[in-house]
Number of protein chains: 2
Amino acid sequence: MASIRDVAVRAGVGIGTVSRTLNNSGYVSEETRKKILEAVEETGYKPSAIAKNMIRKRTGIIGVMVPNQEHPFFAKVMKHMENELYKQGYKCLACNTLDIINRQKSFIDMLDSRVVDGIISCVDELPDFSGGNGRAIVSFDRNSDAGVPIVRSDHEMGGRLVAELFIKKGCKKVCQFTSGFDRKRTANIRHDVMKEVLEEAGVEVVSIITAWDALSYSYNKDMVRKYWDIIETVDGMMTTDIGALSCLSVAQKMGLNVPKDLCIIAYDGTDITELTYPELTVIQQDCPTIAKKCVETVLNMVDGKEVPSLELIPVKLIERGTT
Amino acid sequence: MASIRDVAVRAGVGIGTVSRTLNNSGYVSEETRKKILEAVEETGYKPSAIAKNMIRKRTGIIGVMVPNQEHPFFAKVMKHMENELYKQGYKCLACNTLDIINRQKSFIDMLDSRVVDGIISCVDELPDFSGGNGRAIVSFDRNSDAGVPIVRSDHEMGGRLVAELFIKKGCKKVCQFTSGFDRKRTANIRHDVMKEVLEEAGVEVVSIITAWDALSYSYNKDMVRKYWDIIETVDGMMTTDIGALSCLSVAQKMGLNVPKDLCIIAYDGTDITELTYPELTVIQQDCPTIAKKCVETVLNMVDGKEVPSLELIPVKLIERGTT
DNA sequence: GTGAAAGCGCTAACAC
DNA sequence: GTGTTAGCGCTTTCAC
């Protein structure tokens with residue numbers, strides 16, 4: 001593998017001149033310039049990013065840490081993050097925590113060992129130290145008690161929109177899958193708000209606590225089956241996209257009429273919610289904007305700039321066929 | 001940020017000794033060892049991966065290049081690749097080509113500039129040079145004329161299984177979405193084989209050519225709507241998961257009985273196919289094995305070992321409710 | 001056992 | 001304009 005030295009020797013110049021030529025920094029005569037470009041061609045020289053990183057003390061890589069990138073919401077948001085990072089000249093390292101504590105830790109370690117310049121993190125338990133020491137880390141859709149800035153959807157708004165729609169549709173008893181109220185999931189905000197607004201209006205609310213890592217498809221379907229005796233007593237259901245798809249399919253199998261017998265609202269609003277019949281009514285999280293804000297924030301932190309401690313992204317109600 | 005020198009000074013030893021201690025290489029007396037560990041603690045020293053990379057001439061990062069990681073098949077396979085890479089001590093850089101030629105090129109450039117040690121690539125048009133010069137690059141589910149090894153599902157087997165099932169179900173006229181026959185997509189193999197086997201058995205086959213980048217959800221649904229006058233004349237349909245979901249929902253909307261009026265077979269078999277009612281019959285690609293083989297192959301190439309030029313992973317027919 | 005020194009491939013400051 | 005040199009933060013000989 002040719003190095004800058006090989007090029008310099010071949011062109012009969014010093015390595016500084018080669019560097020200057022290739023980076024367009026400082027003056028280089030047209031003649032030497034040509035000689036150098038020729039030598040680059042002949043040697044097949046490609047500058048080593050590693051050596052450059054050594055000097056910049058940066059890798060140009062941001063880690064994106066999610067529970068599971070196969071989940072449609074995370075798949076979507078990670079894609080948009082990769083895209084935003086790309087636009088800014090950064091690369092995106094994919095980290096699935098898979099709820100394994102060692103994985104979480106090892107990805108945070110990459111920040112300290114400077115494999116990545118920063119991390120966008122969606123995990124429940126950030127180590128306490130994470131925020132300190134000038135680490136560039138932003139928490140996406142999760143609370144954090146470590147002084148880490150947070151970017152998330154406006155779940156208060158989401159919970160309210162859901163509740164209002166159920167009320168408008170005349171629902172009397174609503175069920176929701178929640179991930180338990182003792183965790184740092186910001187998602188719980190929507191459940192709290194929905195419950196509050198609904199109960200104020202005299203609508204009964206049943207909350208079924210799912211495992212806090214309920215991200216897999218099969219788990220969701222199992223939960224719907226397991227709690228079907230409860231679900232069939234309600235006339236409104238709110239859960240994530242996957243839960244909603246599960247719910248819809250089981251309801252159809254059981255001969256229920258959706259939305260007549262049961263209104264379903266899917267939270268997240270990824271594209272799969274448009275591929276059912278009837279199409280799912282959703283609260284849609286604005287993934288492009290979430291991604292943009294996360295990237296903007298983490299890159300500002302990398303540059304040592306001040307960043308807001310909380311950014312709220314509005315959600316959108318899209319009424320379709322299940323309400 | 002503390003460097004190895006700071007630790008050495010603080011512990012009153014040479015940097016070589018610090019290095020030896022931290023890497024358990026060479027002899028270090030218990031006494032100095034303790035002093036050094038203390039100094040590490042006090043300074044908060046974390047070894048720089050960048051400097052280590054400089055010496056190893058490796059980053060420990062493999063790029064995974066797919067058209068769009070939001071697509072359920074690629075989301076799944078990339079997750080499994082990340083997992084396999086992690087097990088081998090490697091990291092996974094996410095690259096969405098989004099069918100943009102510049103993006104493709106820039107990701108390949110990362111190989112040359114040594115940002116990544118290798119690339120697992122699922123793109124249609126690899127630059128011709130890609131295979132040469134000892135580049136560690138494996139093509140996943142795509143043909144390549146550049147001497148790049150290929151890992152893919154056994155689509156001959158897939159096409160045959162589909163055809164046989166349609167025949168068994170008594171279908172007389174089958175429709176398929178294909179991505180056009182002039183491309184290097186290995187997916188076309190299954191379409192060719194299916195057509196051949198079906199026509200041999202006297203079953204008529206209609207092929208609808210979709211855009212070669214037909215990976216988005218909305219595009220698929222539009223295609224189903226657009227060609228519905230054709231689709232409603234057939235009694236068998238084969239397409240990818242997303243296409244099949246689209247097809248099922250439109251069929252239900254149109255009042256068709258699936259599978260009585262129309263058999264649907266989804267190719268890919270990601271988890272969303274279990275969330276419909278009826279559940280989709282699928283040809284399932286073995287993502288964990290594909291991921292494992294891709295990782296194994298690319299890491300062997302990184303190590304300069306010989307690798308097979310083609311690896312075929314069996315697919316599996318799972319009969320569910322749409323046939 | 002341990003320190004000093006060379007070197008990985010590059011950039012940037014500084015002479016000439 | 002251009003060459004030389006000093007690092008960037010490590011690992012790895014090689015003396016002592």
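Lettering follows sequence order; numbering is per chain, from 1.
- What separates CZ of Arg20(B) from P of dC10(D) is a distance of 15 Å, to the nearest Å.
- The number of heavy atoms from other shown groups lying within 6.0 Å of CZ (Arg5(B)) does not exceed 12.
- dT12(D) atom P lies 7 Å from atom CG of Asn23(B), rounded to whole Å.
- End-to-end axis angle of the helix from dG1(C)-dC16(D) to dC16(C)-dG1(D), using five pairs per end and rounding to 10°, comes to 50°.
- Less than 4.0 Å separates DNA chain D from at least one heavy atom of each of the following residues of residues 2-19 of chain B: Ser3(B), Ile4(B), Ile15(B), Gly16(B), Ser19(B).
- For Met54(A), counting side-chain heavy atoms from C-beta on, the closest listed nucleotide (dG7(D), dG9(D), dT2(D)) is dG9(D).
- Using cut-offs of 30° and 60° on the angle between ring planes, the pair His71(B) and Phe73(B) is perpendicular.
- Ionic pairing of Asp109(A) and Lys46(B) is not present here: no N-O contact between side-chain nitrogen and carboxylate oxygen is shorter than 4.0 angstrom.
- With hydrogens and angles left out, the side-chain atoms of Thr186(B) and Asp141(B) include a donor and acceptor closer than 3.5 Å.
- Rounding to the nearest 0.5 Å places CG of Asn96(B) at 6.0 Å from CZ of Arg103(B).
- Ser153(A) OG to Phe140(A) CZ: the interatomic distance, rounded to the nearest 0.5 Å, is 8.0 Å.
- Electrostatic pairing of Glu296(B) and Lys293(B) counts as a salt bridge here, judged by a charged N lying under 4.0 Å from a carboxylate O.
- Across residues 32-53 of chain A, Thr32(A) each have a non-hydrogen atom less than 4.0 Å from an atom of DNA chain D (numbered order).
- We find that CZ of Arg56(B) is positioned 17 Å from P of dC8(C), with the value rounded to whole Å.
- What separates CD1 of Ile55(B) from P of dC8(C) is a distance of 11 Å, to the nearest Å.
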